[in-house]
Each structure stands twice: as structure tokens, then as C-alpha cells.
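Read through the structure below, which is laid out as C-alpha cells, and then see the notes.
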Amino acid sequence: MENLSIKAWAEAERPREKLMNVGRHTLTDSELIAILLRTGAKQITAVELARKLLAQCNNDLTEMSRLSVKELAKEKGMGEVKAITLVAALELGRRRREAEAMRKEKITTSQDAVNIMQPHLADLIHEEFWLLLLNRAHIVINKKKVSSGGVSGTVVDPKMVFKLAIENNASSIILCHNHPSGNNKPSDADISLTRKLKEAGNLLEITVIDHVIIAGASFYSFADEGMI
């Protein structure tokens with residue numbers, strides 16, 4: 001049996017035609033992915049291939065976005081070209097979320113900070129530590145990566161944190177890092193670092209107003225929990 005292209009299906013089952021005639025919001029995740037894949041493999045349609053990919057990622061697009069081209073290409077019927085197309089589409093989605101979050105530049109809640117940083121941190125398989133740098137009105141001046149590490153941690157130099165804050169004339173900062181494990185609870189090291197940076201900030205008159213830990217779709221805020 002030849003590879004089944006989308007053109008070979010009954011018209012009512014074609015995701016492209018469904019998108020054009022009924023609207024993009026009516027398509028399932030697997031149908032949208034099938035449009036990107038274009039064709040399936042022997043005895044499997046593009047939609048079925050998309051369903052297999054989603055099932056391996058627990059039907060979670062965020063989990064899928066963590067996969068590399070090489071990892072996606074391993075699936076029978078995928079190949080490098082389809083994998084590259086899918087990775088590019090997921091990256092565009094990530095950038096759209098980031099752009100939407102940055103339109104609201106003033107930080108009033110921990111969720112505002114998470115909305116800005118989640119696109120950067122939620123999909124990573126290693127830890128990174130970032131700063132949100134704010135002016136006196138709590139408007140974001142800049143965001144900067146401080147360090148990058150392994151699966152279980154990253155080293156943070158307090159001198160680098162406040163060097164970046166001073167260079168950007170920040171009045172306050174929000175500490176941000178991720179937990180690739182999916183557990184958003186702070187470790188003893190996280191608590192100790194937060195306390196140390198809070199104390200150093202007080203001396204420099206640069207307020208550490210929060211430390212958010214992003215773990216996929218969930219997060220932990222030191223400010224919300226009364227830990228800062």
C-alpha cells in the first residue's frame with residue numbers, strides 16, 4: 001500500500017479542507033499536525049501518524065515541543081523533513097506566547113512574570129536561571145539569562161545577578177528558573193539562594209520582589225507563598 005496523502009482521503013476527512021470550510025478552531029491537535037506532516041507512511045495516514053506522536057507525548061504539545069528533530073525523526077513515517085517542519089511550527093507557537101506576554105510589560109502579579117518567562121523555560125530539559133529587570137513602576141526593562149546548567153541544577157553567581165541589575169538601572173528584580181522534573185517545589189538550595197540574593201539586594205537598594213520556579217505548565221512563587 002502506498003503512503004496515504006491527505007488528497008487520497010474522503011473530502012470530509014481532509015484536515016486542509018476542514019480548516020478552509022469549517023475553521024481552524026474545529027480541528028483537533030492531530031489534524032493540525034497532519035497538515036504539517038502532509039503524508040503518512042505505509043498503511044497509516046498523516047492523522048494516524050500525528051496521533052501516534054501525540055500519544056507518545058501523553059497528548060501534551062508542551063512535552064512534544066521538548067523533542068529534538070533527531071528524536072522526532074526516529075518515529076516510523078516521520079523522517080528529517082517532517083520533524084524539522086514540526087519543530088519549526090512548535091517554536092513559532094512558543095514565540096507567539098512570548099510576544100503576547102511581553103505586550104503587558106507591567107508586573108502586578110506572579111502570573112505576569114510567569115507569562116513572560118514560561119515560553120523560555122517550560123520546555124527545557126535542563127535548568128536555566130533568568131532575571132526580569134524592572135523599573136520603579138514595576139515595568140519590565142529587560143530579561144537576561146544568568147546561567148545554564150544540567151537536569152538537576154545550575155550555578156548562580158550573585159555578583160552576576162546584581163551586575164546585570166546595575167547595568168540595566170533596575171530598581172527591582174524577579175528571579176526565575178525552571179525545574180525540568182516537573183516538580184515546582186523549591187529545593188533547600190533554591191530557598192538558600194533566594195534568601196542570600198534578597199539580603200544582597202537590600203544592601204544595594206535593589207529589591208528582589210519574587211522568585212518564580214517554572215515546571216512545565218505549573219509554577220511556584222516565593223512571594224505568593226510568603227517565602228520572600
Side-chain angles (χ1 to χ4, degrees), residues 61-62 65-66 88-149 153-180 182-187 189-228:
L61 290 173
T62 297
S65 67
R66 294 174 179 168
L90 291 166
E91 174 62 15
L92 279 173
R94 185 197 69 78
R95 294 186 186 187
R96 180 190 172 188
R97 294 198 308 271
E98 179 187 1
E100 288 175 344
M102 286 301 290
R103 288 195 193 105
K104 184 179 180 181
E105 294 180 316
K106 186 168 183 177
I107 303 294
T108 57
T109 67
S110 59
Q111 186 66 59
D112 294 334
V114 171
N115 289 343
I116 292 172
M117 293 308 306
Q118 207 159 33
H120 287 282
L121 296 172
D123 300 340
L124 297 179
I125 59 174
H126 62 275
E127 279 202 17
E128 290 188 357
F129 193 97
W130 286 65
L131 292 180
L132 282 177
L133 303 148
L134 316 177
N135 66 12
R136 291 188 184 279
H138 285 190
I139 292 174
V140 177
I141 301 168
N142 209 342
K143 57 182 187 297
K144 290 286 186 180
K145 182 165 72 172
V146 177
S147 65
S148 180
T154 182
V155 176
V156 179
D157 184 350
K159 294 190 294 296
M160 179 57 69
V161 169
F162 290 104
K163 178 176 181 289
L164 289 170
I166 291 167
E167 287 175 350
N168 285 270
N169 294 315
S171 296
S172 58
I173 59 176
I174 295 176
L175 315 173
C176 309
H177 83 282
N178 64 310
H179 280 178
N183 178 6
N184 64 16
K185 295 297 185 275
S187 66
D190 294 334
I191 294 169
S192 176
L193 176 65
T194 305
R195 187 179 298 118
K196 184 186 298 183
L197 293 176
K198 176 73 173 177
E199 291 171 356
N202 290 341
L203 292 173
L204 295 169
E205 297 184 345
I206 298 173
T207 306
V208 178
I209 63 175
D210 201 355
H211 182 175
V212 295
I213 300 171
I214 293 171
S218 68
F219 73 94
Y220 181 96
S221 162
F222 276 67
D224 290 353
E225 300 297 329
M227 295 282 288
I228 197 167

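Along the sequence shown, the residues carry numbers beginning at 1.
Side-chain atoms of Val156 and His177, non-hydrogen and from C-beta on, never get closer than 4.5 Å to each other. Lys143 is listed as a side-chain neighbour of Ile116, based on a closest heavy-atom distance under 4.5 Å. Side-chain contact check for Val212 versus Leu175: every heavy-atom pair is 4.5 Å or farther apart. Counting heavy atoms from C-beta on, the side chains of Asn184 and Phe219 never come closer than 4.5 Å. Counting heavy atoms from C-beta on, the side chains of Pro180 and Glu127 come closer than 4.5 Å. Contact of the Leu132 side chain with the Ile173 side chain is not registered, since no non-hydrogen atoms from C-beta on lie closer than 4.5 Å.
Side-chain contact annotation: Ser65 with Asp123, donor-acceptor N/O pair under 3.5 Å present. Under the 3.5 Å distance criterion, with hydrogens and angles disregarded, no donor-acceptor pair is assigned to the side chains of Asp112 and His138.
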Atom pairs and distances, donor-acceptor, side-chain atoms in residues 196-207, under 3.5 Å, two or more places apart:
{"residue": "Lys198", "atom": "NZ", "partner": "Val208", "partner atom": "O", "Å": "3.2"}
{"residue": "Asn202", "atom": "ND2", "partner": "Lys198", "partner atom": "O", "Å": "3.4"}

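For Gln118 (side chain) and Gly216 (main-chain N/O), a donor-acceptor pair under 3.5 Å exists by modelled atom type. Proximity of a side-chain donor or acceptor of Asn183 to a complementary backbone N or O of Lys185 within less than 3.5 Å is detected. Checked by atom type and distance alone, the side chain of Ser147 pairs as donor or acceptor with a backbone atom of Val155 at under 3.5 Å. Within the 3.5 Å criterion, the main-chain N or O of Thr62 finds no donor-acceptor partner in the side chain of Arg94.
Remark: Asp210 CG to Asp224 CG distance equals 6.0 Å, nearest 0.5 Å. With values rounded to the nearest 0.5 angstrom, Leu133 atom CG is found 9.0 Å from Ser172 atom OG.
Listed by chain and residue number, nothing satisfies the ring-ring contact (aromatic ring centres under 6.0 Å, His included) test with Phe162 (two or more places apart in sequence, or in another chain).
In terms of heavy-atom proximity, Ile209 sits nearest to Ile228 at O-CG2, 3.9 Å. Across all non-hydrogen atoms, the minimal contact from Ile191 to Pro186 is CG1-CB, 4.1 Å. Closest non-hydrogen pair, Ser148 versus His126, comes out as OG-CD2, 3.3 Å.
Relative ring orientation between Phe129 and His211 is described as perpendicular, the plane-to-plane angle rising above 60° on a 0-90° scale split at 30° and 60°.
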